[in-house]
Structures are given as structure tokens and as C-alpha cells.
Amino acid sequence: MLLLLLAYLGGVLTLLSPCILPVLPFVFARADRPFLRSTLPLLTGMALTFTVVASLAAVGSQWVAQANQIGRWVALVLMAVFAIALLWPTLADHLLAPFQRIGARLSARADAADAAGRGGAWTSLLIGIATGLLWAPCAGPILGLVLTGAALNGASAGTSSLLLAYALGAVTALALAVWVGGRVFRALQARLGLGNVLRRVLGVAALLAVVAIGLGWDTGLLTRLSAVSTARIEQGLLDAVPDAQPAAPPMMMMAAGQAGAPLPVEGTLPSLSGATGWLNSPPLSREQLRGKVVLIDFWTYSCINCLRAMPFVHEWAQRYRDHGLVVVGVHTPEFAFERDPRNVMKAVQQLKVGYPVALDNQYAIWRAFNNRYWPAHYFIDAQGNIRGHQFGEGNYAHSEQVIRRLLVEAGQTDLPPPADPAAADLQGVATQADMGNLRSPETYLGHARAEQFASPGGQRADAVFGYTLPSTLALNQWGLSGQWRVNDEAAQLQQAGGRIAFQFHARDLHLVLAPGEDGKPVRFRVLLDGKPLPAADAGADVAADGTGTVNEHRLYQLIRQRGTIGPHRFEIEFLDAGVQAYAFTFG
């Protein structure tokens with residue numbers, strides 16, 4: 001109930017957000033007409049469009065984002081038709097036939113229906129649907145929380161209820177604004193006879209809004225004019241409600257069961273039929289795996305914890321492959337680019353993953369296991385029972401002992417000796433974290449989960465903005481400089497020369513990066529404490545002179561210190577535009 005209330009309040013606060021300004025002229029243009037036949041259908045159309053677009057956004061697929069952009073341009077055309085019809089109903093027939101004729105007729109029919117006391121609802125509904133396409137992409141922390149939960153937990157009555165509550169909150173706020181505005185409109189019309197003038201003023205405002213949205217001014221200029229930070233208000237609401245935000249999982253959690261103790265039965269192996277594809281194998285089913293000891297490994301290829309655990313999983317797969325062990329990697333994406341099968345295929349080849357990998361793009365297997373962590377290992381016996389688990393990296397010797405005990409239960413008697421974790425060949429990002437010097441946490445750059453952002457003015461969600469770096473940063477604070485657009489997942493650089501800075505304390509620093517949407521490589525150089533990065537401290541993806549190139553979607557190791565570890569100011573400067581930065585991780 002508390003989350004429903006928070007979602008509703010988040011929707012109400014949308015009215016105070018600058019992203020709502022471009023759509024207000026379209027809403028107020030019908031404020032002087034009957035509420036039930038005009039304003040209510042318009043707001044209903046907006047709510048319906050928002051619910052559909054937001055539900056698609058929860059899936060997070062890249063094609064949805066592309067469809068949303070197409071939808072925005074379609075909406076702009078419809079809004080332009082409506083604006084011109086408001087200004088010059090007769091001239092509209094000669095400007096952009098046949099679209100303007102359709103718009104003018106719809107508007108004229110709506111006016112006639114309103115005057116006759118009937119109809120007009122379908123026209124208002126259509127306008128509301130188009131307006132909703134312009135409004136739906138705007139989101140703050142509360143909507144980010146709802147969409148993140150939807151992506152992790154999938155479509156459900158709870159998710160739909162939260163989205164509906166958010167939409168109802170926004171519609172309630174707009175309805176109140178329209179009601180107040182409508183009373184003003186009717187008073188002016190009754191006393192001053194300015195109905196036609198108001199109609200033209202609203203038409204001009206609507207047309208200017210179309211131009212502003214088309215040129216991108218709505219995400220730049222309007223956000224600078226905003227005096228109200230709804231994101232901070234929403235975050236305050238979230239902070240005030242216990243358990244409203246899911247806690248970040250600890251890096252390591254103990255596997256079920258202690259050495260020598262009986263292994264409990266934690267459940268049965270769920271179906272793997274929800275996989276959207278398979279690599280290195282035809283689709284596998286529970287029935288096919290019956291009689292085998294199975295290790296289910298949840299991972300995603302840009303996760304540093306997964307990459308550090310992977311050499312041990314590879315060792316188990318090879319050591320016990322001929323003794324009844326089947327390792328199944330379940331690749332469940334964290335970021336949108338990890339949903340692309342081509343990216344996953346490339347990562348599987350680069351990481352030399354030889355065992356079957358199920359692509360879990362829809363989180364079906366993730367939900368079937370009720371999983372919450374990357375990496376997560378589930379140990380399945382030959383009867384299909386889950387007998388243990390390991391959340392996060394670490395505890396490798398104990399995990400191998402669980403595997404060996406299940407193999408013995410299955411009748412295996414000639415097992416090879418266990419592996420020595422200390423003898424594992426760990427290189428690059430697979431080198432285990434220096435836990436004694438690790439003082440910096442995983443930090444996301446997208447506004448949905450960003451913390452400790454220190455650039456003046458805070459983040460401007462989904463808007464192009466010129467950021468500046470503070471002269472000093474406290475430990476684990478970070479900032480941007482240059483022209484960036486920060487969406488829910490990542491920050492994308494709009495012009496060459498932008499920088500990211502982070503005050504960190506760790507041996508290793510990694511950054512999940514991707515080239516621009518055009519796929520062109522992006523050059524960069526790394527600085528440490530304001531000076532060129534020493535060659536001895538260069539990470540695996542940085543040359544001796546501190547330079548490198550972002551040419552694919554993945555995690556980049558930028559710093560690996562070889563000397564004494566302490567707090568440092570990291571900066572990366574991008575020499576080309578377009579780079580997308582997702583998350584810092586440390587080791």
C-alpha cells in the first residue's frame with residue numbers, strides 16, 4: 001500500500017517537473033470545454049498511452065526505445081495538425097493536406113459537438129493519446145523504482161498497479177490544473193469575449209511547443225528554467241519510507257550448508273523453457289538434465305563479480321564434465337545492450353565459455369529461481385532438487401565441495417582431486433579483488449540508480465545539460481563535465497571533450513562503457529590526481545600513455561595500481577562524442 005501511495009505521489013509531482021511543460025498547451029487548449037466530454041477523454045488518452053509506453057520501457061529492449069522515438073515524431077505531427085487547426089481552421093486545409101483537413105474537421109466536429117451538448121470525446125481521446133507519447137518518457141526516481149522492479153520481476157498485477165497509480169497521480173494533478181484553468185477561461189470569455197483570441201494564443205503556444213520538442217529545446221532550455229527539483233522531492237519520499245528501495249546485495253553471501261552438514265533440499269529445478277535463445281547447445285529441459293548434477297550460473301557479461309567468478313566455474317565445468325556435472329550459464333542482462341544476442345555471443349567467445357548458455361532476456365528463468373544476484377550459483381542434484389546456492393563471488397572451495405558431494409550421491413566414485421583456488425590462473429579483470437583496500441562501491445551513472453553525484457545543480461534526467469566538475473570531491477563522489485544526456489541507465493556524451501571524475505579508494509577501477517549509437521569508436525585518456533596515468537597503474541584496457549578506445553559494449557579496466565593503495569581522483573576525458581557510460585565497479 002505504501003508503494004502504491006508513493007507511485008501516486010510521484011505521478012502528482014510530475015506536474016511540477018519541467019518535462020510536463022511542452023504538453024500543457026495541448027491540455028489547456030481544451031480546458032474551456034465540458035470536462036466529461038473533452039478534458040476527461042484527453043487525460044484518459046494520456047494515461048493509457050503512458051501505461052503502454054511505461055510497460056514497454058519495463059522490458060527495456062532497444063527496439064522499444066526506437067519505437068518510442070518514432071512514436072514521438074508521430075505525436076509531433078498530430079500536435080502540429082491540432083495547433084494549426086486551433087490557429088486557422090480554414091487555412092489548415094491548404095497547408096498540409098490531407099492531414100490538416102483531417103485535423104481541422106476533427107477539431108470542428110469537436111467544437112460543434114461541444115456546442116450541441118454531445119460527442120467530442122473521441123477527438124479529445126485521440127489528442128490525449130498523441131500527447132501521452134510526448135509525456136510518457138519523463139521519469140523521476142519513483143518511476144525509475146517502479147520500472148526497475150518491473151524489469152526484475154516481470155509483468156505482474158503488482159507492477160501494473162504501481163504504473164496505474166503513477167498515471168492516476170499525474171492525471172489527477174493535470175485534471176486539477178485544467179479545472180482551475182477552465183474556470184479562468186470561462187470567466188474571461190464571459191466578461192471580455194476573448195474566446196477566439198484565447199484559441200489563437202493557445203494555438204501559438206501549442207505550435208511553439210511542437211517546434212521546441214522537435215529541436216530538443218524541451219530537454220535543454222526548459223530544464224534550466226525549472227526552479228523545482230522534483231527528483232529530490234521524490235527521492236525524499238523514497239528515503240522516508242522503510243524498505244521502499246531494494247537494498248543493494250552484499251558482494252558475497254555464504255553458500256547454503258556448512259562443510260560436513262547434510263545438504264538441505266531448497267526446492268526443485270525450475271523450468272528453463274523461458275530462455276529466449278541458447279548458445280553452445282540446443283535448448284535444454286529439466287527432463288534432459290535429470291540424472292546429472294547441474295550447476296546453474298546466473299551471470300551477465302559486464303558484471304565484474306561475474307567475471308571474477310568465471311575462471312572457477314570454467315575449472316569445475318572441465319574438471320567434472322566426464323563425471324556427470326553439467327554447467328548451465330544463464331545470461332540475464334542488467335543493461336539494455338546485454339540483451340543483444342550478438343553482444344552476448346561475442347562475449348562468450350572472448351571469455352571462452354564452452355558450456356551451454358541460456359539467454360534469459362525476459363528474466364523468466366531469473367524469476368523462476370526467485371533470484372536477485374549476479375553472480376548466483378545453484379547446485380542441483382541428480383533428482384532435480386536444489387541442494388545449495390552461492391550468492392556473489394567467493395567461497396570457491398566450499399562450492400566445489402558441494403559439487404563433489406552431489407556427484408558422490410549420484411554414484412560417482414573416481415573423482416579427480418579438488419582444484420586449488422590459490423593456483424587458479426587469474427589475469428586481467430579475473431584477478432580477485434583486493435578486499436583489504438576496497439573502499440568504493442559499485443556506482444551507477446544512470447539517473448534511476450545514481451548516488452553521490454556531486455556536479456553543481458545535480459543530474460538533469462533525460463535532458464542535454466552542460467555539467468561542470470567540482471574542484472574537490474569527497475570519497476566516492478563523482479561528477480560530469482561537458483554536454484551529457486543522462487537517461488535511466490547511462491550518461492551519453494553529446495560533444496567531444498566531456499569528462500567523468502570519481503574520488504575512489506581501491507586497487508582497480510572499471511567502467512562499463514559503450515560507443516555511440518552509430519557504433520563509431522570513441523577515444524579517451526585517463527588522468528590520476530590531475531596528471532597523466534602512470535604506465536605502471538594502467539588497466540588492461542589502457543595503453544602505457546594513458547589512452548584507449550571504446551569500441552564495444554563491455555566493462556573496461558582502466559586502473560590497476562601496483563603500488564601503495566590510497567584515495568585518488570580518477571578522471572577520464574573522451575576525445576570523441578557519443579560514448580555511453582553505465583557504471584563504475586572496483587576491485
Side-chain angles (χ1 to χ4, degrees), residues 246-261 263-264 266 293-320 325 327-332 334 351-353 355 366 369-380 386-407 417-443 504-510 512 540 555 557 560-561 565 583-587:
M251 181 175 295
M252 293 185 292
M253 297 185 67
M254 293 296 294
Q258 299 298 320
L263 295 175
E266 300 179 353
V293 173
V294 180
L295 169 60
I296 300 292
D297 172 28
F298 282 95
W299 69 295
T300 187
Y301 79 84
S302 74
C303 166
I304 184 60
N305 308 99
C306 301
L307 296 176
R308 289 198 287 249
M310 187 164 286
F312 300 94
V313 178
H314 288 186
E315 173 65 26
W316 301 332
Q318 295 175 5
R319 182 173 292 259
Y320 300 108
L325 176 67
V327 175
V328 177
V330 178
H331 187 274
T332 310
E334 182 176 16
L351 297 170
K352 299 179 180 179
V353 178
Y355 44 81
W366 176 284
F369 275 84
N370 196 27
N371 186 49
R372 293 179 57 197
Y373 307 104
W374 292 282
H377 300 149
Y378 292 88
F379 306 98
I380 319 298
I386 301 175
R387 301 291 299 280
H389 63 266
Q390 166 68 34
F391 296 151
E393 56 185 303
N395 292 322
Y396 301 115
H398 179 68
S399 293
E400 185 175 6
Q401 285 300 319
V402 173
I403 293 173
R404 294 174 64 86
R405 291 179 63 180
L406 295 181
L407 290 173
D420 180 5
D425 183 18
L426 306 176
Q427 300 178 2
V429 296
T431 302
Q432 300 304 286
D434 181 0
M435 301 302 297
N437 284 303
L438 186 57
R439 305 281 192 278
S440 294
E442 182 175 20
T443 301
F504 77 105
H505 188 142
R507 183 195 65 199
D508 303 335
L509 181 146
H510 314 94
V512 178
L555 178 143
Q557 186 183 83
R560 165 157 288 166
Q561 300 180 76
I565 311 303
F584 282 98
T585 57
F586 302 91

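Both backbone and side-chain heavy atoms feed into the values below; hydrogens, waters and symmetry mates do not. None of the values given here were measured: they were computed from a predicted structure.
For Trp299 against Cys306, the heavy-atom pair with the smallest separation is CA-SG, 3.7 Å. Closest non-hydrogen pair, Phe379 versus Gln390, comes out as CE1-N, 4.1 Å. What you find for Leu406 and Val293 is that their closest heavy atoms are O-CG2, 3.6 Å. Residues Arg507 and Gln432 share a closest heavy-atom pair of NH2-O, 2.9 Å. The minimum heavy-atom distance between Leu263 and Arg387, with the atom names listed, is O-NH2, 3.1 Å. Closest non-hydrogen pair, Asp297 versus Pro375, comes out as OD1-CB, 4.3 Å.
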**Item:** Derivation of the side chain to side chain contact (heavy atoms under 4.5 Å, CB included) call for Tyr320 and Leu295
**Value:** CA-CA 11 Å; Tyr320 300 108; Leu295 169 60; over 6 Å; no
**Request:** Determine, stepwise, if the pair Val429 / Arg308 fulfils side chain to side chain contact (heavy atoms under 4.5 Å, CB included).
**Result:** CA-CA 7 Å; Val429 296; Arg308 289 198 287 249; 5.9 Å; no
**Prompt:** Passes side chain to side chain contact (heavy atoms under 4.5 Å, CB included), His331 versus Thr300? Steps please.
**Reply:** CA-CA 5 Å; His331 187 274; Thr300 187; 3.6 Å; yes
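The CG atom of Leu438 sits 8.5 Å away from atom CZ of Phe586, with the distance rounded to the nearest 0.5 Å. Expressed to the nearest 0.5 Å, how far CD of Gln557 lies from OG1 of Thr431 amounts to 7.0 Å. Note that the NE2 atom of His510 and the SG atom of Cys303 stand 11.0 Å from one another [nearest 0.5 Å]. The structure places CZ of Arg439 at 6.0 Å from CG of Asn437, a figure rounded to the nearest 0.5 Å. Distance CE/Met310 to NZ/Lys352: 13.5 Å, rounded to 0.5 Å. Interatomic distance, Arg404 CZ to Arg319 CZ, rounded to the nearest 0.5 Å: 8.0 Å.
Checked by atom type and distance alone, the side chain of Glu400 never pairs as donor or acceptor with a backbone atom of Trp316 at under 3.5 Å. Using a distance-only test at 3.5 Å, with no hydrogens or angles considered, a donor-acceptor pair links the side chain of Thr443 to the main chain of Pro441. Using a distance-only test at 3.5 Å, with no hydrogens or angles considered, no donor-acceptor pair links the side chain of Trp366 to the main chain of Phe298. When atom types are taken as modelled, the side chain of Glu315 and the backbone of Ala419 share no donor-acceptor pair closer than 3.5 angstrom. Remark: the backbone N or O of Gly587 is not paired with any side-chain donor or acceptor of Arg560 at under 3.5 angstrom. No donor-acceptor pair under 3.5 Å is formed between the side chain of Thr585 and the backbone N or O of Glu442.
In this structure, the side chains of Phe369 and Val330 stay at 4.5 Å or more apart for every pair of heavy atoms. The shortest distance between side-chain heavy atoms of His314 and Tyr355 falls below 4.5 Å.
Relative ring orientation between Tyr378 and His389 is described as tilted, the plane-to-plane angle lying within the 30° to 60° band.
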